[in-house]
Amino acid sequence: MFFSKLYAPTLKESPSDADLIGIKYLIRAGFVRKIAAGIYTYLPLGWKVIKKIENIVREEMDATGSQEIMLPIIQPAELWHESGRWEDYGPEMMKLKDRHDRDFTLGPTHEEMITAVVRNELNSYKQLPLSLYQIQNKYRDEIRPRFGLMRSREFIMKDAYTFHADEKSLDEYYDLFYSAYDRIMKRLGLKYLAVEADSGTIGGKGSHEFNALAEAGESTILYCDCGYAATDEKAEYKIETIKVNEELLPMEKVETPNVKTIEDVSKFLKVPRKKIVKSLLYKGKKGFILIMIRGDQDLNEAKLKSYYGDQTIQMANPNEIMEEFNVPVGFIGPVGISKKVEIIGDKSVEGMKNYVVGGMENNYHYKNVSPGKDFNIKLFTDLKMVKRGDLCPVCGKLLKEKKGIELGQVFKLGIKYSNSMNGVFTDEDGKSKPYYMGCYGWGISRTLEASVEQLHDENGIIWPLSIAPYQIMITVVNFSDVAQKEIGLKLYDMLKGNGYEVIIDDRKLSPGFKFKDADLIGFPLRITVGNKIKEGKVELKSRLSRDKKEITIEDTGLLMKTVEEMLKNYNPAEKIGE
RNA sequence: CGGGGAGUGGCGCAAUUGGCAGCGCACCGGUUUUGGGAACCGGGGGUUGCAGGUUCAAGUCCUGUCUCCCCGACCA
């Protein structure tokens, strides 16, 4: 490719609305353009990288025996009513109506669609297991799209779905996809962690995430040297129940004027945060739930939703609380609260006595409250947001924390969708059964940004070899110089002949401009054809180092060998990673 | 959805009290340059987000509306 013909408009300044280094570089280097919040256009360089990522993913999917298909983006609402997710997924969905006022959604995901497609003709155990996948656009109406391609409203995703006669077969495929994802990460050349994950709105049990490590990542990963790793939403910890041999003290109601937060209560009553119990009021499908958790801990909503199997659970809003309980937020507590509220406790409060809770009245708290005596907790379960420094659930050592960008996730769906949507097959015994399902997503467009987030320097992007739009840039310092031009073109043909993807900078620009562009776009290898040709030499430079190798042009064998070696030794994640 | 900020050539920005819409980059033509974003000369490109209003006169003031960005929307 001649640079003069490439449509890659580079910019000296970043657009003012770019919020992460990755999207800044992708825009400046001419890979993408933003069209609206969370909606992007891929220019030739960006699309070339996308296709390379797609191909790696496609090859690994094909290798598992999965078959590629293409489902529609526009999906009728009735399928979502069947699964119950028209409400559950609700606000996240881009919805539209046709001229007859019928409801549709732009697919945020395709579990409903795939089930609808296969349920008519996948009806015998002899057809199972079946594995299908597609690569296409997804649409999610994010509350606040941001971080470039990481949280966008339109994005490209690979999603695979598998169908099984029994759980054992599902487990086998789950492992198959798990190792395929491992290979994808390795081929992409990114540093990553595979972690246990919460299954969220998708539903089902059993899930792992594949996270590319990067500071800008939105996922928090708790991990341990012993090999345990999980997202913060999923992470467990070694629970040490405290046994206190205190005598039960009589409950006392104290005035705490304008003292609302745990911080305030702790200061005002001169009680450590550990001796205060937060009462968090939530509302789900079954009504109000009051969660008791120790004052110095945070609630993990994902665990709560998962415990109740209700994705609609939300914190009750202040107005609602006022209307229902006639008490302002901040003074909610378990003592004397309406019987229709279910009270459950986090493991952190199990065994605690004589603690402080909200007084169920403006400006009052209770002291020396104990369950069993003053109120009842239905049960204790783990609802805590695990943090750095908590104990590893496997080996008991301190957990560490890193930020990651979630690229892939594998789920065991079980029979959730086949059950609600009547996806059944006839088994050997002649009985009709819902099939077990698995689903496996990979964020293609997000991978583009994740790579840049992980691999860049002050001059621009650094591409892993496997997804670099071109591997080699030939910078002809002065293309008007006949000798330079000739050598540049000869080199270009030779490299292309050897199977490399090459760009030659034939633009009539100053050398500095060309070098800056080459670094910004991030070619793994740059060959400079300049005044050194007078000594019969060209210069080879890796994007990763400042060192240059001068090679005699005449010795084409050595030249090709050096190119090959430099590219072979080019491993940015090793040098820069994290 | 709440609070704050902002919309001016493709990009980044300026415009005093309401008084000729400007600068840098990019783009086009030309001359000289060519090893880390070259210099000079000349040139094109705008309904100042949109719709109304006030005024002799509106980028600037008023009303409405759309979009973008930041913070929050949860830890009582």
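Lettering of chains follows the sequences in order, A, B, ..., and the numbering in each one begins at 1.
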What nucleic acid atoms does [X] come within less than 4.0 Å of, heavy atoms only: base, sugar-phosphate, or nothing?
X: A:Asp519; answer: base
X: A:Gly358; answer: nothing
X: A:Asp19; answer: sugar-phosphate
X: A:Thr528; answer: base
X: A:Lys508; answer: nothing

Say you pick atom [atom1] in [N] and the same atom in [M]; how far apart are they, in whole Å?
N: B:A15; M: B:C23; atom1: C1'; result: 10 Å
N: B:G35; M: B:G72; atom1: P; result: 50 Å
N: B:C70; M: B:C27; atom1: C1'; result: 33 Å
N: B:U33; M: B:A21; atom1: P; result: 42 Å

So does [X] pair up with [Y], basic N to acidic O under 4.0 Å?
X: A:Lys286; Y: A:Glu342; result: no
X: A:Lys532; Y: A:Glu535; result: no
X: A:Lys384; Y: A:Asp296; result: no
X: A:Lys95; Y: A:Asp141; result: no
X: A:Lys234; Y: A:Glu209; result: no

- [ ] Taking only the side-chain nitrogens and oxygens of A:Ser16, find out if one of them lies under 4.0 Å from OP1 or OP2 of B:G12.
- [x] yes
Task: Phosphate OP1/OP2 of B:C69 contacted by A:Lys34 side-chain N/O (<4.0 Å) - done: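 A:Lys34 to B:C69 OP1/OP2: side-chain N or O found under 4.0 Å.
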Task: Verdict with reasoning, A:Asp346 to A:Lys303, per salt bridge (Lys or Arg N to Asp or Glu O under 4.0 Å) - done: CA-CA 10 Å; A:Asp346 175 60; A:Lys303 284 184 182 172; over 6 Å; no
Options [options], nucleotide nearest the side-chain atoms of [X]:
X: A:Lys516; options: B:G37, B:G35, B:U34; answer: B:G37
X: A:Leu281; options: B:G36, B:C74, B:A76; answer: B:A76
X: A:Ser480; options: B:U34, B:G35, B:G12; answer: B:U34
X: A:Leu299; options: B:G12, B:A38, B:C75; answer: B:C75
X: A:Ala37; options: B:C69, B:C75, B:A76; answer: B:C69

Open item on the list: Both A:Lys278 and A:Val477 contact RNA chain B. Which one's nearest nucleotide lies toward the 5' end?
Closed with: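 The 5'-side residue here is A:Val477.
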Task: Along RNA chain B (nearest heavy atom to each residue), the more 5'-positioned of A:Ile262 and A:Lys541 - done: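 Checking each residue's closest nucleotide, the 5'-ward one belongs to A:Lys541.
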Separation of atom [atom1] in [X] from atom [atom2] in [N], rounded to whole Å:
X: A:Arg144; N: B:G72; atom1: CZ; atom2: C1'; value: 9 Å
X: A:Glu142; N: B:A73; atom1: CD; atom2: P; value: 17 Å
X: A:Asp17; N: B:C13; atom1: CG; atom2: C1'; value: 15 Å

Quick one: does [X] reach the base of [N] with a side-chain donor-acceptor pair under 3.5 Å?
X: A:Arg526; N: B:G36; answer: yes
X: A:Asp517; N: B:G37; answer: yes
X: A:Arg507; N: B:G37; answer: no

Open item on the list: For A:Lys274, I'd like to know if atom NZ has over 12 heavy atoms of other residues, nucleotides or ligands within 6.0 Å.
Closed with: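 It does not: A:Lys274 NZ has 12 such atoms or fewer within range.
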Task: Distance-only polar pair, side chains of A:Thr220 and A:Lys403, donor-acceptor under 3.5 Å - done: yes
Table of protein N/O atoms under 3.5 Å from nucleotides 25-29 of chain B N/O atoms:
| from | atom 1 | to | atom 2 | distance (Å) |
| --- | --- | --- | --- | --- |
| B:C25 | O3' | A:Lys12 | NZ | 3.4 |

- [ ] Starting at the 5' end of RNA chain B, write a dot or bracket for each base, bracketing those in Watson-Crick or G-U wobble pairs whose two distances are under 3.5 Å and using | for partners on another strand.
- [x] (((((((..((((.....[..)))).((((((.....)))))).....(((((..]....))))))))))))....
TODO: Indicate the ring-plane relationship of A:Phe325 and A:Phe288, choosing parallel, tilted or perpendicular according to the 30° and 60° boundaries.
DONE: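 A:Phe325 vs A:Phe288 ring planes: perpendicular.
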Task: Aromatic plane relationship, A:Tyr492 with A:Phe2 - under 30° parallel, 30 to 60° tilted, over 60° perpendicular - done: perpendicular
TODO: Dump the intermediate steps for side-chain contact (heavy atoms from CB on, under 4.5 Å) on A:Arg543 and A:Trp463, then the final yes or no.
DONE: CA-CA 9 Å; A:Arg543 178 68 179 79; A:Trp463 289 109; over 6 Å; no
